[in-house]
Chemist: 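Following this message is one structure expressed as structure tokens.
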Amino acid sequence: MVFHVIEGAATVQVEAQRFELDVADPCRAPGDCAVSLTNAATATPTCLFIADATPLHRTLGVLETRA
């Protein structure tokens, strides 16, 4: 997965690692990791661009869902 902050700020928690993102900051995480996104901008909404390969994996029949 790829995250890119368009507006605001975000905190990205990937497994045990935490990343603070500001405007124009990118971040990536393996698709099989637990990811938590939090709005770090207290006064404004945050806008993120998020891309992942889930639709491609679903189409190819290789999507694995972990509980």
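Here the structure is a predicted model, which is why all the values come from computation and not from measurement.
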Chemist: Who passes side-chain contact (heavy atoms from CB on, under 4.5 Å) against Pro45, sequence neighbours left out?
Modeler: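 Once residues adjacent in sequence are excluded, Pro45 has no partner under the side-chain contact (heavy atoms from CB on, under 4.5 Å) criterion.
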Chemist: Taking transitive links into account, so neighbours of neighbours count too, which hydrophobic residues share a cluster with Ile6 at under 4.5 Å side-chain distance?
Modeler: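 Phe49, listed by chain and number.
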Chemist: With the 4.5 Å side-chain cut-off for hydrophobic clustering, are Leu56 and Val62 part of the same group?
Modeler: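 Hydrophobic grouping puts Leu56 with Val62.
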Chemist: Are Val23 and Phe19 grouped together when hydrophobic residues (ILVMFWY) are joined by side-chain heavy atoms under 4.5 angstrom apart?
Modeler: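 Shared cluster, no.
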Chemist: CG/Asp22 to CD/Glu7 distance, rounded to the nearest 0.5 angstrom?
Modeler: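 So the CG of Asp22 and the CD of Glu7 are separated by 12.0 Å.
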Chemist: In a check of side-chain contact (heavy atoms from CB on, under 4.5 Å) between Val12 and each of Leu21, Leu48, Asp25, which one passes?
Modeler: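 So the option named by the test is Leu21.
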Chemist: I want to check something: taking the side chain as every heavy atom from C-beta on, are Arg18 and Glu20 in contact at a cut-off of under 4.5 Å?
Modeler: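 Counting from C-beta outward, Arg18 and Glu20 do come under 4.5 Å.
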Chemist: Show me, pair by pair, the donor-acceptor contacts under 3.5 angstrom made by side chains of residues 33-44, not counting sequence neighbours?
Modeler:
{"from": "Asn39", "atom 1": "OD1", "to": "Ala41", "atom 2": "N", "distance (Å)": "2.9"}
{"from": "Asn39", "atom 1": "OD1", "to": "Thr46", "atom 2": "OG1", "distance (Å)": "2.5"}
{"from": "Asn39", "atom 1": "ND2", "to": "Thr44", "atom 2": "O", "distance (Å)": "3.2"}

